[in-house]
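Atom set for the values below is all heavy atoms of this structure, side chains included, hydrogens, waters and symmetry mates excluded. Along the sequence shown, residues carry numbers from 1.
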Amino acid sequence: MANSKEVLLWSIALPGFGQFLNGKLIKGIVFVFLEFLINVNANFNVVIISSFHGEIEKAIAQTDYLWLMFYPCLYFFAMWDAFKDAGGGNRKYSYLPFVFCAFFVTVGCIYSSTFKIFGFLFGPIWLPILCVIPGIWIGLLLMKIIKKAIEKPESQ
């Protein structure tokens, strides 16, 4: 079985790759298929290219948000699934950073066509990427809070 960090990094590259490394071929095929289905229907690669060229308004116009909304949950679930299958995420509630990243990135997608930071519109690629930061932070914070709340009564 592959190293959990290696699997996580390959999952970041493309949903399903981590499952392939873990020997979960059917699951990997399903994730890769869903990745391509959502990617093509959301115009995701075209939107990425426009965003990298700084053409944010063009990227917004090219985005099919009804399809893009599926991407964050698929992406972070595939990462979590591969990471866990490879032996990672053994601590209690270690799934919370993945869950909250999926949530915050989805919210970032929702507001990406209108939300500005210091007057700058980040669009459907950069705003969701920025939303990973509070997702990880809140997930880790809740992990700590819940763990302390549960351990405290046990030690008394």
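In this structure Tyr75 satisfies the ring pair (Phe, Tyr, Trp, His ring centres under 6.0 Å) test together with Tyr71, sequence neighbours excluded. Residues meeting the side chain to side chain donor-acceptor pair (under 3.5 Å) test with Ser50, sequence neighbours left out: Gln62. For Val99, the side-chain contact (heavy atoms from CB on, under 4.5 Å) criterion is met by Tyr95, not counting sequence neighbours. Shown here are the salt bridge (charged side-chain N to carboxylate O under 4.0 Å, His left out) partners of Glu57, two or more places apart in sequence or in another chain: there are none. The side-chain contact (heavy atoms from CB on, under 4.5 Å) check on Lys84 picks up Trp80, with sequence neighbours excluded. Taking Leu96 as the reference, Tyr93, Phe100, Leu142, Met143, Ile146 meet the side-chain contact (heavy atoms from CB on, under 4.5 Å) condition, with sequence neighbours excluded. For Asn39, the side chain to side chain donor-acceptor pair (under 3.5 Å) test picks out Glu35, Asn45, with sequence neighbours left out. In this view, Tyr65 satisfies the ring pair (Phe, Tyr, Trp, His ring centres under 6.0 Å) rule with no residue, not counting sequence neighbours. Checked against ring pair (Phe, Tyr, Trp, His ring centres under 6.0 Å), Phe122 has the following partners two or more places apart in sequence or in another chain: Phe120.
We find the CD1-SG distance between Ile38 and Cys73 to be 9.5 Å, quoted to the nearest 0.5 Å. Going from atom SG of Cys131 over to atom OH of Tyr111 covers 11.0 Å, rounded to the nearest 0.5 Å. The distance from the CZ atom of Phe76 to the CZ atom of Phe104 is 12.0 Å, given to the nearest 0.5 Å. Distance CD1/Ile60 to CG/Leu121: 4.0 Å, rounded to 0.5 Å. In this structure, CD1 in Ile125 is found 11.5 Å from CG in Leu130, a value given to the nearest 0.5 Å.
Judged as a salt bridge (Lys or Arg N to Asp or Glu O under 4.0 Å), not a single pair has a partner in residues 11-21 (not counting sequence neighbours). Applying the salt bridge (Lys or Arg N to Asp or Glu O under 4.0 Å) definition to pairs two or more places apart or across chains, those involving residues 67-83 are Lys27-Asp81.
Residues Ile49 and Phe52 fall into different hydrophobic clusters, defined by Ile, Leu, Val, Met, Phe, Trp and Tyr side chains chained together at heavy-atom separations under 4.5 Å. Met69 and Val46 fall into different hydrophobic clusters, where Ile, Leu, Val, Met, Phe, Trp and Tyr residues are linked whenever their side-chain heavy atoms come under 4.5 Å apart, directly or through other members. Connection of Val30 to Val40 is not established within any shared hydrophobic cluster, with ILVMFWY side chains joined at heavy-atom distances below 4.5 Å, either directly or through further cluster members. Residue Phe44 is not grouped with residue Leu66 when hydrophobic side chains (ILVMFWY) are merged at heavy-atom distances under 4.5 angstrom, including chains of intermediate members.
Counting all heavy atoms, side chain and backbone alike, Cys101 lies closest to Ile136 at SG-CG1, 3.3 Å. Of all heavy-atom pairs between Pro97 and Leu140, the closest is CG-CD2, 3.7 Å. When all heavy atoms of Leu127 and Ser112 are compared, the pair lying nearest together is CD2-CA, 3.6 Å. Contact between Thr63 and Pro124 at its shortest, heavy atoms only, is OG1-CG, 3.3 Å. Taking every heavy atom of both residues into account, Asn22 and Ala86 meet most closely at OD1-CB, 3.4 Å.
By the 4.5 Å heavy-atom criterion applied to side chains, Phe70 and Asn41 are not counted as neighbours. Looking only at side-chain heavy atoms (C-beta outward), Phe31 and Phe77 come within less than 4.5 Å of each other. Within the 4.5 Å cutoff, side-chain heavy atoms of Cys109 are placed close to those of Pro72. For the pair Phe115 and Ile110, the minimum side-chain heavy-atom distance is 4.5 Å or more.
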Would you tabulate the side-chain donor-acceptor contacts of residues 4-16 under 3.5 Å, counting partners in other chains and residues two or more places apart, or write 'none'?
| from | atom 1 | to | atom 2 | distance (Å) |
| --- | --- | --- | --- | --- |
| Ser11 | OG | Val7 | O | 3.0 |

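Counting non-hydrogen atoms of neighbouring residues, nucleotides and ligands closer than 6.0 angstrom, the CD1 atom of Ile26 reaches no more than 12 such neighbours.
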